[in-house]
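This report refers to the structure that appears directly beneath it.
Just so we're on the same page: letters track the sequence lines, and every chain starts at 1.
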There are 2 protein chains.
Amino acid sequence: MALEHAILVSLLEKPGSGYELARRFERSIGYFWTATHQQIYRVLKRMGSDGWIDVRDVPQQGRPDKKEYSVAGPGRDALRAWLQERTEPESVRHDLAVKVRGAAFGDPTALIGEVERHRKAHEDRLARYLAGRARDFPLPSADGAPDAEHELQHVVLRGGIAYERMMIAWLDDVLVTLAGFAAGR
Amino acid sequence: MALEHAILVSLLEKPGSGYELARRFERSIGYFWTATHQQIYRVLKRMGSDGWIDVRDVPQQGRPDKKEYSVAGPGRDALRAWLQERTEPESVRHDLAVKVRGAAFGDPTALIGEVERHRKAHEDRLARYLAGRARDFPLPSADGAPDAEHELQHVVLRGGIAYERMMIAWLDDVLVTLAGFAAGR
DNA sequence: GTCGCCATGTAAGGGGTTACATGATTCG
DNA sequence: CGAATCATGTAACCCCTTACATGGCGAC
């Protein structure tokens, strides 16, 4: 339900095409929401016909032309209204936890490789986030009027970093537990 | 895609009815997968016709009769096969992070109440998990052959606890950041 | 007598994933 | 000459959520 709102936020931060939005969802937005280009194009169409966003054709040379979207008045209003609404914490879905508990009925040690793969994926993401932080948020905020957009982007990124660190530590815990079955017999 | 596998794991741990499964998804299974009774009944039907599970009618007194499901051979095989498959880390979806970043284009301080609500929800869940751990996993595992089912349930629960603690700490970070806008002008 | 629990479903609609489709340009 | 990037879409399918539906029993 929040995809359209995530798109509004992203377009408010910087107008762009559907393709560019898809890339942002792979990168910075990816640590709190994901979407593929198919979804994005479909939703952009609906948002356009609802008057939430404006479209501008941008001819380009050496590349296909693109449509640049930007947030219109009603889009801003829709976002403000949604910010007031209550939303419940999202439900968690972890394949890997299902597998870990399911491993009790198969071979626990056979899961080690899979856990290591996931651990590596999380470490790669953490490294990307840390690089992004070093690039975009180099200094602790100086005193004085804080810049809302910047500060809020930063605190969300800190959340992504905390999540990846938590996952890596947990996966280490899982690996130690699984290794216990290999050694303990 | 893992709902049917989560049900297999739950039924292997202990056979039960659709209603009982729904309750388990609210409780212990809830920290790594969620499902409503509507979903569960539908999937149970399909799993039954695929021969993954057996059904047994259990008449009851003072309560409606129930159907008790248990895992059949092909279900066990399906779970074992799935444990071998690669699954990619689940994509994250956090409404609240979208809102935090969107607050830059509205009133950041208006979000404080919502963040506090979420914080409380996570604290409640953490308290439930800790109570569950004290009840079900009172002692550090004694030496000797570890019990796979028990150990693996415990490590998944530790993951749930780590997740809730991480979220609470992050929400505190968000609250401090949001409060900065109220004070900083 | 109403509320909550136990117990099982159907139906509609919305959102997300996967596959298919096209076509130009740049880099190795 | 093939692969990757830029750029935009359609179609089918599956999963999930929300609403509707029923009905007996026990507690306050």
Non-hydrogen side-chain atoms of A:Trp170 and B:Val155 separated by less than 4.5 Å: yes

Residue A:Arg23, side-chain heavy atoms: nucleotide from D:dC6, C:dG16, C:dA7 that is nearest: D:dC6

A:Lys45 NZ to C:dG15 P, straight-line distance once rounded to whole Å: 16 Å

Whole angstrom value for the distance that separates P of D:dT10 from OH of A:Tyr41: 11 Å

Single-linkage hydrophobic cluster B:Phe25~B:Tyr41, side-chain heavy atoms < 4.5 angstrom: no

Of A:Glu4 and B:Glu20, the one whose closest DNA chain C nucleotide lies more 5': B:Glu20

Interatomic distance, A:Leu3 CG vs C:dT17 C1' [rounded to whole Å]: 13 Å

Whole angstrom value for the distance that separates P of D:dC14 from CZ of B:Arg42: 12 Å

Between C:dT8 (C1') and B:Arg56 (CZ): distance, integer Å: 18 Å

side-chain N/O A:Ser17 vs D:dT8 OP1/OP2, d < 4.0 Å: yes

Nearest-neighbour nucleotide for the B:His37 side chain, D:dC6, D:dT10, C:dG9 considered: C:dG9

B:Lys67 side chain near C:dG9 phosphate (N/O to OP1/OP2, under 4.0 Å): yes

Given D:dA7, C:dT17, C:dT8, the nucleotide with the shortest approach to the side chain of A:Lys66: D:dA7

A:Tyr19, nearest nucleotide to its side chain (from D:dC6, C:dC6, C:dG9): D:dC6

Whether A:His5 and A:Trp82 hold their rings parallel, tilted or perpendicular, with breakpoints at 30° and 60°: parallel

Euclidean distance, atom CD of residue A:Gln38 to atom P of D:dA7 [Å, nearest integer]: 17 Å

Nearest-Å distance for atom pair CD/C1', residues A:Gln39 and C:dG14: 12 Å

Nucleotide of C:dG16, C:dC20, D:dC6 approaching A:Arg63 most closely (side-chain heavy atoms): D:dC6

Closest listed nucleotide, where the reference is the side chain of B:Pro64 and the choices are D:dT18, C:dG9, C:dC6: C:dC6

Closest heavy-atom pair and its distance - B:Asp147, A:Phe181: C-CE2, 4.2 Å

Whole-Å gap separating C1' (C:dT17) and CZ (A:Phe25): 16 Å

Distance test, side-chain N/O of B:Gln60 to OP1/OP2 of C:dA7, below 4.0 Å: yes

Lys/Arg N to Asp/Glu carboxylate O, A:Arg125 vs A:Glu164, below 4.0 Å: yes

C:dG15 phosphate, OP1 or OP2, under 4.0 Å from A:Arg46 side-chain N/O: yes

